[in-house]
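Since we're looking at a predicted model, the values are computed, not measured. What you see below is based on every heavy atom in this structure, not just the backbone, and it leaves out hydrogens, waters and symmetry mates.
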Amino acid sequence: MAGLVKRWLKSDRARRLACRIAAAYIRLVHATGRWQVSGDAAPRAHWDEGRPFILAFWHGRLLMMPHVWRAGVPMNMLISQHRDGRLIADTIAHFGLGSVAGSSSKGGAAAVRQIVKAIRAGEYAGVTPDGPRGPRQRASGGIAAIARLSGVPVIPATFGMRRRRLLGSWDRFLVPMPFSRGVFIWGEPIHVPRDADAATLDRYRIRIEDELNRITAEADRATGHAPLELPPPLDAEQAAADR
């Protein structure tokens with residue numbers, strides 16, 4: 001069955017239809033949900049003042065991110081070049097969000113340069129530090145490097161939902177159910193020094209990872225779920241390597 005779906009999604013027409021359905025489902029979940037937002041003072045201040053930042057969120061909490069973002073504010077997400085990445089890019093386009101294709105294992109350097117250039121031009125960026133292949137909820141070094149090069153803060157965000165399904169995928173992708181209670185939670189801004197060396201970059205990578213895991217656990221507890229067990233942490237060499 002999975003193979004049949006993959007073959008079907010190779011068609012441009014099928015992919016466009018799937019993305020329209022996904023966007024409609026995201027809107028349905030948001031419209032029928034009872035949502036609470038916390039910790040959003042920092043992003044609101046940046047949006048109000050037109051100051052760019054890097055939105056960071058785990059790959060498994062991707063689905064509702066279009067609604068954590070302020071409508072009408074342009075943002076480019078760093079998205080992998082494989083088929084799943086194209087599906088994500090086409091889906092978020094329905095919400096007026098852009099994308100830059102690239103990953104740590106293919107097209108990464110060019111994509112990072114493009115993202116940094118866009119940020120320096122006053123645009124916002126979104127990054128999944130554990131994408132596109134994991135391990136789940138463990139950050140690679142790329143996001144800290146982007147923050148150092150661009151000079152803007154990383155602001156983590158996540159969501160949780162009372163009624164949900166967790167898929168058996170590597171990222172334990174969270175599919176929220178309509179007509180339920182949900183939360184959006186923002187974390188503390190993290191500023192990476194412009195002069196950070198490799199060791200300092202890795203410390204900030206861990207800070208970003210820890211803050212994302214803290215708010216993700218908080219979102220799960222707030223919606224009646226135990227936080228997910230985490231895989232073993234990466235060391236500096238693993239985090240810097242292509243994944």
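Around atom CD of E237, no more than 12 heavy atoms belonging to other residues, nucleotides or ligands sit under 6.0 Å away.
By the salt bridge (Lys or Arg N to Asp or Glu O under 4.0 Å) test, D220 is found to be paired with R61, R164, residues two or more places apart in sequence or in another chain being considered. Residues satisfying the ring-ring contact (aromatic ring centres under 6.0 Å, His included) test with Y25, not counting sequence neighbours, are none. Considering only residues two or more places apart in sequence or on other chains, W69 meets the ring-ring contact (aromatic ring centres under 6.0 Å, His included) condition with W47, F53, Y124.
Considering every non-hydrogen atom in both A118 and N76, the closest pair reads CB-ND2, 4.2 Å.
Both L62 and M177 are part of a single hydrophobic cluster, where members link through side-chain heavy atoms under 4.5 Å apart. Residues L166 and M65 share a hydrophobic cluster, clusters being chains of Ile/Leu/Val/Met/Phe/Trp/Tyr side chains in contact below 4.5 Å.
Put simply, CD1 on I26 and CD1 on I92 are 9.5 Å apart, with the number rounded to the nearest 0.5 Å.
Ring to ring, F95 and H67 are close: their centroids are under 6.0 angstrom apart.
A donor-acceptor contact closer than 3.5 angstrom links the side chains of Q137 and N213.
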Validation: residues 29-37 side-chain donor-acceptor distances under 3.5 Å, sequence neighbours left out:
residue: T32; atom: OG1; partner: L28; partner atom: O; Å: 2.8
residue: T32; atom: OG1; partner: F179; partner atom: N; Å: 2.9
residue: W35; atom: NE1; partner: H30; partner atom: O; Å: 3.1

Show which side-chain atoms of residues 194-202 pair as donor or acceptor with protein atoms under 3.5 Å away, not counting sequence neighbours.
residue: R194; atom: NE; partner: R148; partner atom: O; Å: 3.4
residue: R194; atom: NH2; partner: S150; partner atom: O; Å: 3.4
residue: D197; atom: OD1; partner: A199; partner atom: N; Å: 3.4
residue: D197; atom: OD1; partner: T200; partner atom: N; Å: 2.8
residue: D197; atom: OD1; partner: T200; partner atom: OG1; Å: 2.7
residue: T200; atom: OG1; partner: R203; partner atom: NH2; Å: 3.0
residue: D202; atom: OD1; partner: R205; partner atom: NE; Å: 2.7
residue: D202; atom: OD1; partner: R205; partner atom: NH2; Å: 3.1

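Using a cut-off of 4.0 Å between Lys/Arg side-chain N and Asp/Glu carboxylate O, D90 and R15 are scored as salt-bridged. A salt bridge links E218 and R214; the closest N-O separation between the charged side-chain nitrogens and carboxylate oxygens is under 4.0 Å.
Within the structure, ring pair (Phe, Tyr, Trp, His ring centres under 6.0 Å) pairs that include any residue of residues 134-173 comprise H59-W170 (at least two apart or interchain).
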